There are 2 protein chains.
Amino acid sequence: MTDGPTITTIAQRAGVSIASVSRVLNGLPTREDTVRRVMRAADELGYVPNSVARSLRNRRTDQIAFAMADIGNPVYVAMVREIQPALKEAGYRLLIHSTDGDADDELGVLRGLRERYVDGLIISPLRGVTEEHVEAIVAARAPVVVIGALPEHMPEGALVDNVRTDSRAGVRLALDHLYAIGRRRIGFLNGPLDTVPGAARAAAYREALGALGLPYDEDLVEVGDFYRDSGARAARALLAREPEVDALMCANDLIALGALDVLREQGRDVPGDVAVVGMDDTDLASVTWPTLTSVSLGSAERGRAAAGLLLDRLQNGPREPRVVVVRPSLTVRGSTAVPGGRAGGAG
Amino acid sequence: MTDGPTITTIAQRAGVSIASVSRVLNGLPTREDTVRRVMRAADELGYVPNSVARSLRNRRTDQIAFAMADIGNPVYVAMVREIQPALKEAGYRLLIHSTDGDADDELGVLRGLRERYVDGLIISPLRGVTEEHVEAIVAARAPVVVIGALPEHMPEGALVDNVRTDSRAGVRLALDHLYAIGRRRIGFLNGPLDTVPGAARAAAYREALGALGLPYDEDLVEVGDFYRDSGARAARALLAREPEVDALMCANDLIALGALDVLREQGRDVPGDVAVVGMDDTDLASVTWPTLTSVSLGSAERGRAAAGLLLDRLQNGPREPRVVVVRPSLTVRGSTAVPGGRAGGAG
DNA sequence: ATGAATGCTGTAAACGTTTACTGCCGGGTG
DNA sequence: CACCCGGCAGTAAACGTTTACAGCATTCAT
């Protein structure tokens, strides 16, 4: 009564052994009569199998974890939105680990794989895959998909697929676009250099300027965090130091939001005086005013790919690690809507 | 090697029984010498306890689920952001069920409680708590917290706490504000009437108008979905039918976004010509232009409260069901920033 | 009528823990 | 010296499944 029926309860009521009960419930060939008796008893008792016991015996939990820095970040929300239905479809439950950018937490999740509470993991390490990450992945002996950059050489035993985006190409798209609409003094508001995206975007900015024949000027670069208020601070500093900038390349949409705040506050027209480009192309980009031109790094697509790779591994067994690269694209909106000249902004 | 060490492996290596191993690992009083031997063996083997086996034996999984309609909705994101750290702090993992507003899915989660894969559940049923929900909750015999309205009378066995907000009061806050800044023809863009929030807000709108001595005019009301494009459609329809509206009360921020799109497109000044108020006070509200005055229904607070109630139950055992009511508040921003008159908008 | 083959069913072990219970050993007490 | 008690450790059962294996009827062929 208080403790819920088990197959033993059913077996007693139906007058058969627990083995028969199990077989019936799992649809294994059984005599018609036995099937009826067991089904009847199970129905009457309102039996529901205990998933923990089943997991212990089957050595699988039908659970998959997704670990990222911050569930409040629209990029990760976009990924979760793709991952969750894909997993549900395949009969897996989803566990969420929001690590708050805490590296120890992140490693904790990875090491926790050895507790076998999930069958696989999708992880997006904020500060890249360190030696320790690799060790934990090897020790895990459960499939892992990393969203983001992976070290050049992974050891043999690392069962790890990889989904990445070419943020270098993304930055180039943005700078090409700004160049095309006539901008020559292009500031750069970046996130922390010790994060993977931060470092990659810094290098890409420099490289893209070179390709366009523009000089790299340290005074045009400001480093902060990937948040709105930090973006505002950075924009303020940059505009004070270099009032002549005619475009701001922002390392993500939140930074761009902060920049827009400051530009509005200072009465500078966007994009007339200063054009602004964000990155990630989150939902926010179509909400701002003017709407924000942004480089899409395919968050949704990356989420979908990661789920696909993991499920493939779980369903079809071991295989060579795979890498999926998602191509960035540029969505032009109001904040750069000045084809060739310097007119008022549009939505 | 391939299968990971268990306490049996440790016991052999340390030359003790598995009981002693377990005792040492759980910090139960044990002879100094035994402790050392076991610890040493565990270290050398890189032992990690199997959480599934532990769950089976302990009859607890240290997992909690949160079920809501759509993880893409900022309201739920805000809740998750509060729930996740609270659970982590208490040693619980978080499972996410995004039901896509599918009622069967929602019931599935509730019924799934009987599989005992989680120790408790926080659920925010989109269309209210039906008879079937109640049945499932009673059958669950695991603590449940419902965010949203609960039926008047719950049966004895229902282990359910409740967190709700007073959206009636929220709507009143908004209408009082609009009235105070001189608006008299206040349109209402609502969500589906068969959702709990939709129905509540419809009633509240009517009631609040009455309290202000304003007539209820069906032509001023438009019903759609809780999404941006639906909000835009509704706004277009309403403005076409009633060009004289001087304010739009929107049943959530996304609808308000759509309304702002349409007003801008039609060249109507916000808040000069039409003031706009949203609901939920999501992150979006401070991003739009003009920024959006919005009624906060305390999403974060509700999430925190729900986690608190559930953890309390899990840690301190059964007690009388509790109800927490979160008071709404109004955050005034640009979209209504016209104290008493009809001047240009500000941020 | 006997043997093998066929088709179900039941017994028991296993998954990896925790813990009640029993038993052993040593020391203190009468 | 006998007894008891305390402190530890080991045996075994239990959590709720799944499944290998053995066994039993029944059927069929010879």
Side-chain angles (χ1 to χ4, degrees), chain A residues 1-39 41-42 45-63 112-119 141-142, chain B residues 1-39 41-42 45-63 112-119 141-142:
Chain A
M1 172 84 206
T2 165
D3 234 19
T6 71
I7 52 169
T8 308
T9 331
I10 298 184
Q12 284 164 358
R13 179 178 268 245
V16 300
S17 74
I18 61 167
S20 288
V21 175
S22 177
R23 277 187 289 255
V24 169
L25 294 175
N26 290 327
L28 296 177
T30 314
R31 193 151 44 108
E32 180 55 27
D33 170 54
T34 312
V35 173
R36 254 201 314 277
R37 301 233 302 282
V38 168
M39 285 311 220
L45 291 167
Y47 170 79
V48 176
N50 180 310
S51 62
V52 177
R54 180 174 280 173
S55 289
L56 179 59
R57 169 69 211 208
N58 292 345
R59 297 156 147 269
R60 52 184 302 211
T61 59
D62 296 320
Q63 297 189 150
L113 281 182
R114 307 195 55 202
E115 293 174 29
R116 314 206 127 265
Y117 66 91
V118 287
D119 298 338
R141 296 193 172 274
Chain B
M1 172 82 206
T2 163
D3 233 20
T6 69
I7 53 169
T8 309
T9 330
I10 298 182
Q12 284 162 358
R13 178 177 267 245
V16 300
S17 74
I18 62 166
S20 288
V21 174
S22 177
R23 276 187 290 255
V24 169
L25 295 176
N26 289 329
L28 297 177
T30 314
R31 195 152 42 108
E32 181 55 26
D33 169 54
T34 312
V35 173
R36 253 202 314 277
R37 300 235 302 283
V38 169
M39 286 310 221
L45 290 166
Y47 170 80
V48 176
N50 180 312
S51 62
V52 177
R54 180 175 279 175
S55 289
L56 179 60
R57 168 71 211 209
N58 290 346
R59 296 155 147 271
R60 50 185 306 212
T61 60
D62 295 323
Q63 297 188 150
L113 282 182
R114 307 194 55 202
E115 294 175 29
R116 315 206 128 266
Y117 66 92
V118 287
D119 297 339
R141 297 195 172 274

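Quick note: numbers below take in every heavy atom, side chains included, and nothing from hydrogens, waters or symmetry partners. No experiment lies behind these values; they were computed from the predicted model shown. All chains are named by letter (A, B, ...) in the order of the sequence lines, taking the proteins before the strands, and each is independently numbered beginning at 1.
- Within the nucleic acid shown, B/Ser22 comes within 4.0 Å of at least one base atom, counting heavy atoms only.
- Looking at heavy atoms from C-beta onward, A/Asn26 lies in side-chain contact with A/Ser22 at the 4.5 angstrom threshold.
- The separation between B/Arg37 atom CZ and D/dA9 atom C1' is 11 Å, rounded to whole Å.
- Screening B/Ile18, B/Val24, B/Val16, B/Val38 against B/Ile10 for a side-chain contact (heavy atoms from CB on, under 4.5 Å) leaves a single residue, B/Val38.
- Checking the phosphate oxygens (OP1, OP2) of D/dG16, a side-chain nitrogen or oxygen of B/Arg59 falls inside 4.0 Å.
- Formation of a donor-acceptor pair under 3.5 Å by the A/Ser55 side chain with backbone atoms of B/Val52 is not found in this model.
- For B/Arg37, the salt bridge (charged side-chain N to carboxylate O under 4.0 Å, His left out) criterion is met by B/Asp33, not counting sequence neighbours.
- Put simply, B/Asn26 has a side-chain N or O that comes within less than 4.0 Å of OP1 or OP2 on C/dT18.
- Taking the screw axis at each terminus of the helix from C/dA4-D/dT27 to C/dG30-D/dC1 from five consecutive base pairs, the angle between the two is 70° to within rounding of 10 degrees.
- OP1 and OP2 of C/dG16 both lie 4.0 Å or more from every side-chain N or O belonging to A/Tyr117.
- Between B/Arg116 and B/Thr61 there is no side-chain heavy-atom pair separated by less than 4.5 Å.
- A donor-acceptor contact shorter than 3.5 Å is absent between the side chain of A/Arg36 and the backbone of A/Arg31.
- For the pair A/Gln63/B/Gln63, a side-chain contact is recorded, criterion being any heavy-atom separation below 4.5 Å from C-beta on.
- At least one side-chain heavy atom of B/Leu25 sits under 4.5 Å from a side-chain heavy atom of B/Tyr47.
- A/Leu56 places its CG atom 12 Å from the P atom of D/dG16, with the value rounded to the nearest Å.
- Under 4.0 Å is where a charged nitrogen must lie from a carboxylate oxygen, and between B/Asp119 and B/Arg59 no such pair does.
- Rounded to a whole Å, the CG atom of B/Leu25 is 14 Å from the C1' atom of C/dT19.
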Per-nucleotide protein contact string for nucleotides 5-13 of chain C (B base, S sugar-phosphate only, - none; heavy atom under 4.0 Å): ---SBBB-B
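- Separating the CD1 atom of B/Ile7 from the C1' atom of D/dG10 is a distance of 13 Å, rounded to the nearest angstrom.
- Protein atom CG of A/Leu45 is 15 Å distant from nucleotide atom C1' of D/dG16, rounded to whole Å.
- Between the CG atom of A/Leu28 and the P atom of D/dT19 there is a distance of 8 Å, given to the nearest Å.
- In this entry the distance linking CG of B/Asp62 with P of C/dT17 reads 15 Å, nearest Å.
- If you take CZ of A/Arg116 and P of C/dG16, they are 9 Å apart, rounded to a whole angstrom.
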